[in-house]
Amino acid sequence: MGIRVQVAAFDPGAELNALHAANVGVGAVVGFVGYVRDFNEGREVGGMFLEHYPGMTEKALGKIADEAAQRWPLLRLEILHRIGRLEPGEPIVFVGIASAHRQAAFDACNFVMDYLKTRAPFWKKEDTGEGPRWVEGRDSDQAAAQRW
Amino acid sequence: MIHVHYFARYREALGVDSEQLGWEEGFARLDDLRRHLLARGGDWAVLGERNLMCARNQELCGLDEPLADGDEIAFFPTVTGG
């Protein structure tokens, strides 16, 4: 199980391949990559800054990973989240799951993202044509997390 | 002593990212601390927002969470990572 919170960019393809490397017991790998869009809530977005709570961020992600590992039979779980300045088109987050069968991998990946979006202390501040603005949490994200 | 951290929009609105408060017996629960801060008036009204989130010793918790001397408390708006 790996938790990484970093400023540096990452290669989603390499992350996905690494989940299978040297483990022929893995029958399924599911990966999610979140990217910075160039448009949000009616405004063009020229980039963003991701703030977080050092210390708590790593703990919160570790707790989410532990819970996923308790609920599903997983072989590997990786969570990578970037912080700091990000440009449109750049990947922000990667969640990768390896398991023997696909359903556990699909469900665990969905679960980790739903929990991450509502329980991990990250905040996005977007640069728009009308100045910077903090992204507000969405009720739909809360609802998605409650289904687990 | 209570260590209090503020993040994101709250940090900007308050113009402070963290502070230390002397421990008071009146801080039985996290909401007592929040009300103490709200009483400062002005920009501190952000701590009255409905969507306010909080953490005690780096774990999410509710406003009814008991406090203890030496705790690290954080107030922040709804998280928006991912």
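Heavy atoms only: backbone and side chains are in, while hydrogens, waters and symmetry mates are out. Naming convention: chains lettered A, B, ... in sequence-line order (proteins, then strands); numbering from 1 in each chain.
- Contact annotation for A:A120: only backbone heavy atoms (N, CA, C, O) come within less than 4.5 Å of a heavy atom of chain B.
- When heavy atoms are compared at a cutoff of 4.5 Å, A:E136 approaches chain B by way of both its backbone and its side chain.
- The line from NZ of A:K63 to CD of B:Q58 is 12.0 Å long, rounded to the nearest 0.5 Å.
- Tracing side-chain contacts under 4.5 Å through hydrophobic residues (I, L, V, M, F, W, Y), one never reaches A:M48 starting from A:F39; they form parts of separate clusters.
- The closest side-chain heavy-atom distance from A:K125 to B:R9 is not below 4.5 Å.
- The 12-atom threshold is not exceeded at CZ of B:R35, counting heavy atoms of other residues, nucleotides or ligands nearer than 6.0 Å.
- Contact check for A:Q142 versus B:T78: side-chain heavy atoms found under the 4.5 Å cut-off.
- Hydrophobic cluster membership of B:I73, counting Ile, Leu, Val, Met, Phe, Trp and Tyr whose side-chain heavy atoms lie under 4.5 Å apart directly or via other members: B:I2, B:V4, B:Y6, B:Y10, B:L14, B:V16, B:L21, B:W23, B:F27, B:L30, B:L33, B:L37, B:L38, B:W44, B:V46, B:L47, B:L52, B:L63, B:L67, B:F75.
- Considering every non-hydrogen atom in both B:A74 and A:Y53, the closest pair reads CB-CE1, 3.4 Å.
- Looking at A:K59, the atoms closer than 4.5 Å to chain B (heavy atoms on both sides) all sit in the side chain, from C-beta outward.
- The two residues A:M56 and B:L60 have their closest heavy-atom pair at CE-CD2, 3.6 Å.
- A 6.0 Å sphere centred on CZ of A:R138 holds no more than 12 heavy atoms belonging to other residues, nucleotides or ligands.
- The minimum heavy-atom distance linking A:P54 with B:F7 is given by the pair CD-CE2, 4.5 Å.
- Both the backbone and the side chain of B:A8 come within less than 4.5 Å of a heavy atom in chain A.
- Closest non-hydrogen pair, A:V135 versus B:T80, comes out as O-CG2, 3.3 Å.
- Residues A:V26 and A:L19 share a hydrophobic cluster, clusters being chains of Ile/Leu/Val/Met/Phe/Trp/Tyr side chains in contact below 4.5 Å.
- For A:Y115, the ring-ring contact (aromatic ring centres under 6.0 Å, His included) criterion is met by A:F111, not counting sequence neighbours.
- Linking ILVMFWY residues whenever their side-chain heavy atoms come closer than 4.5 Å, directly or via other members, leaves A:F49 and A:Y35 in distinct clusters.
- Residues meeting the side-chain contact (heavy atoms from CB on, under 4.5 Å) test with A:D114, sequence neighbours left out: A:N110, A:A144, A:A145, A:R147, A:W148.
- Inspection of non-hydrogen atoms places A:H81, A:I92, A:V93 of residues 72-108 of chain A under 4.5 Å from chain B.
- No single ILVMFWY cluster, assembled from side-chain heavy atoms under 4.5 Å apart, contains both A:V30 and A:I3.
- Nearest heavy atom pair, residue B:V79 against residue A:W123, reads CA-NE1, 3.8 Å.
- When hydrophobic clusters are built by joining Ile, Leu, Val, Met, Phe, Trp and Tyr residues whose side-chain heavy atoms come closer than 4.5 Å, directly or via intermediates, A:M113 is not grouped with A:F10.
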